[in-house]
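Along the sequence shown, residues are numbered consecutively beginning with 1. Only this structure's heavy atoms are used, side chains among them; waters, hydrogens and symmetry mates stay out.
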Amino acid sequence: MKMSKPKGFEKPAGVRDYLPRAVKKLRKIEHDVLHCMSRWGYQQMITPTLEYYDTVGVASSTSDQKLYKLLNNRGQALVLRSEMTAPVARVVSSLLKDEPLPLRLSYHANVFRAIEEEAGREAEFFQTGVELVGDDSPEADAEVVALAIASLQAAGVKSFKIAMGHVGFLDGLFQEAVPNLPEAQEELKSHLLGRDYVAFRDTLRRLDLTDDQKNELYGLLRLRGGKEICGQALELSSHPLARTSIEHLCKVWEVLVSYGVSEHVLIDLTMIGDFSYYTGMTFEGYASELGFPVCSGGRYDNLLQQFGRAVPSTGFSLKTNRILDGVTGMPEEEELPVLIQYDAQRRTEGLAEAARLRSEGHMVVTRLAAGPEDLKTVKRLDPETVLADGGQYGEIYTFVSFVSEHG
């Protein structure tokens with residue numbers, strides 16, 4: 001089948017152009033969130049867009065078929081980074097291996113994932129996030145959840161909820177309720193991952209389990225709410241891993257109460273992390289006007305072992321594109337530029353005034369006026385209105401020799 005040649009204005013599926021207003025909004029989110037993270041002691045780092053497939057690509061949470069792969073001129077397999085946690089883990093295990101723990105690192109980056117064109121998903125998008133490396137305590141898990149809440153607020157998200165679960169509880173529960181049935185465990189977990197509770201119940205009905213086993217797993221679907229869920233979970237399962245996990249999650253909740261942010265959090269023990277490397281507490285943040293997560297995170301204590309450094313880690317990332325596109329009510333400050341217009345005789349004077357105003361932080365554009373009929377005048381317009389000449393100005397300063405007065 002012969003492929004048609006794309007037209008000059010076309011671009012690949014899943015990528016987009018950001019026009020000036022969207023870029024301004026995106027950069028404000030990025031700036032405000034990174035500034036918030038820095039106040040919590042997180043230092044920003046940047047990693048390459050390209051990584052080796054055999055290191056970061058293999059360690060990544062992204063499934064192999066969703067990686068963008070390419071070969072360099074030596075025949076080595078490379079990938080476009082598909083998420084930021086694995087690249088940060090590589091740096092922590094190499095360039096930062098002698099730094100004292102814990103490490104607090106932040107990032108803002110574009111990431112890439114191969115997609116099905118008909119799925120309507122993005123192949124390139126932005127993430128802003130943190131990694132807290134070298135601390136396996138409930139305090140550390142609570143810190144990243146509290147910082148995720150502060151970051152969403154800094155990004156302008158007004159109304160949201162954080163759903164918090166624990167991978168260890170689910171693993172313990174499944175080991176107790178459906179022992180020696182790994183395929184059944186994976187099928188049930190996949191239904192939870194997809195939030196398909198109907199399929200979860202159907203699978204339970206098909207399995208050859210006792211009523212007690214089925215009731216234990218049916219009970220899992222009711223474990224969503226506040227701190228009372230901790231007690232209910234302890235009653236549901238006696239498995240040591242499940243109980244230890246719930247006790248850890250209860251301590252995280254207590255710290256979040258001390259932070260004063262527990263009103264934004266609910267415990268949801270049906271939640272299973274989307275990443276294979278999650279080992280403990282996981283969470284997702286949902287904005288009230290969106291049906292999909294605007295942030296996600298959790299503990300991944302085994303990932304750094306793949307890079308030769310066995311230290312615990314936890315973190316999260318904001319889905320910056322989703323915040324940009326889907327969250328309404330974010331303030332949009334519209335700064336109209338100052339126009340400096342001048343003729344050839346007074347060009348030096350006009351450009352000096354432009355430099356002075358820019359040094360004070362104003363946005364300034366300049367233009368040469370050919371004659372009196374070419375002068376611009378101030379027009380106060382609605383911010384959504386675009387003039388035929390492509391611009392609008394808050395103030396106009398005129399430096400010309402062919403009129404007696406100027407602003």
Side-chain angles (χ1 to χ4, degrees), residues 61 63 138 141-142 145 160-254 256-257 262-288 290-293 295-300:
S61 62
S63 61
D141 282 336
V145 175
F160 58 87
K161 278 288 185 184
I162 301 289
M164 185 171 65
H166 200 292
V167 171
F169 175 77
L170 286 172
D171 285 343
L173 183 68
F174 284 127
Q175 289 171 27
E176 182 179 59
V178 281
N180 305 316
L181 294 173
E183 291 182 2
Q185 291 182 22
E186 290 306 312
E187 183 178 358
L188 291 168
K189 287 180 180 180
S190 69
H191 295 324
L192 293 178
L193 178 60
R195 299 291 189 182
D196 191 345
Y197 303 131
V198 173
F200 183 89
R201 291 187 178 94
D202 288 343
T203 299
L204 278 183
R205 280 192 286 268
R206 285 191 291 102
L207 291 174
D208 184 19
L209 302 176
T210 67
D211 289 343
D212 287 343
Q213 288 173 311
K214 290 182 179 180
N215 289 335
E216 187 173 1
L217 290 171
Y218 282 133
L220 171 64
L221 301 181
R222 296 190 295 271
L223 295 180
R224 294 196 294 270
K227 189 185 178 182
E228 73 280 359
I229 298 302
C230 291
Q232 295 174 19
L234 290 172
E235 293 176 2
L236 185 66
S237 176
S238 59
H239 192 280
L241 176 58
R243 297 183 72 83
T244 300
S245 300
I246 286 300
E247 288 165 2
H248 180 95
L249 204 59
C250 289
K251 292 175 183 176
V252 173
W253 180 276
E254 291 171 3
L256 292 173
V257 171
S262 58
E263 65 184 278
H264 297 290
V265 183
L266 61 89
I267 294 175
D268 182 355
L269 294 178
T270 68
M271 192 175 65
I272 181 167
D274 194 11
F275 299 139
S276 59
Y277 53 62
Y278 280 151
T279 58
M281 183 272 298
T282 64
F283 66 95
E284 291 181 340
Y286 292 84
S288 60
L290 297 177
F292 40 76
C295 79
S296 62
R299 177 162 292 282
Y300 51 97

Run the numbers on Asp202 and Arg205 for salt bridge (Lys or Arg N to Asp or Glu O under 4.0 Å), then give the verdict. CA-CA 5 Å; Asp202 288 343; Arg205 280 192 286 268; 2.3 Å; yes
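- No side-chain heavy atom of Cys295 sits less than 4.5 Å from a side-chain heavy atom of Glu284.
- Interatomic distance, Ser245 OG to Met281 CE, rounded to the nearest 0.5 Å: 12.0 Å.
- Contact record, Ala177 with Leu217: CB-CG, 3.7 Å, taken as the closest heavy-atom pair.
- For the atom pair NZ (Lys214) and CG (Leu207), the distance works out to 7.5 Å, reported to the nearest 0.5 Å.
- Here the closest heavy-atom approach between residue Glu176 and residue Ser238 is recorded as OE2-OG, 2.8 Å.
- Between Glu235 and Arg243 there is no salt bridge, since no side-chain N of the basic residue sits under 4.0 Å from a carboxylate O of the acidic one.
- Between Gly165 and Leu249, the shortest heavy-atom distance links the atoms O-CD1, 3.7 Å.
- Arg299 places none of its side-chain heavy atoms less than 4.5 Å from the side chain of Val167.
- Put simply, the side chain of Ser190 gets close to the backbone of Glu187: a donor and an acceptor are under 3.5 Å apart.
- Scored by the side-chain contact (heavy atoms from CB on, under 4.5 Å) test, Leu221 finds Leu192, Tyr197, Phe200, Arg201, Thr270 as partners (sequence neighbours excluded).
- To the nearest 0.5 Å, atom CG of residue Leu170 and atom OH of residue Tyr278 are 14.0 Å apart.
- With contacts defined as side-chain heavy-atom distances shorter than 4.5 Å, the pair Met271/Thr282 qualifies.
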Evaluate side chain to side chain contact (heavy atoms under 4.5 Å, CB included) for Glu186 paired with His191, printing each intermediate quantity in order. CA-CA 9 Å; Glu186 290 306 312; His191 295 324; over 6 Å; no
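- Annotation: side chain of His239 is not in contact with side chain of Phe169 (no heavy-atom distance under 4.5 Å).
- Considering all non-hydrogen atoms of both residues, Ala142 and Leu256 come closest at O-CD2, 3.5 Å.
- The closest side-chain heavy-atom distance from Val265 to Phe283 is not below 4.5 Å.
- Counting heavy atoms from C-beta outward, Leu173 and Leu269 have side chains that stay 4.5 Å or more apart.
- Annotation: the span from Gln213 atom CD to Leu181 atom CG amounts to 8.0 Å, rounded to 0.5 Å.
- The pair Asp171-Lys189 meets the salt-bridge criterion, since a charged nitrogen lies less than 4.0 angstrom from a carboxylate oxygen.
- Rounding to the nearest 0.5 Å gives a distance of 13.5 Å between CD1 of Ile267 and CD1 of Ile162.
- Side-chain contact between Ser288 and Phe160: absent, with no pair of heavy atoms (C-beta onward) separated by less than 4.5 Å.
- Using a 4.5 Å heavy-atom threshold, the side chains of Asp268 and Leu223 count as separate.
- With rounding to the nearest 0.5 Å, the separation of CE in Met164 from CD1 in Ile229 is 11.5 Å.
- Residue pairs meeting the side chain to side chain donor-acceptor pair (under 3.5 Å) criterion with at least one member in residues 216-233, sequence neighbours excluded, do not occur.
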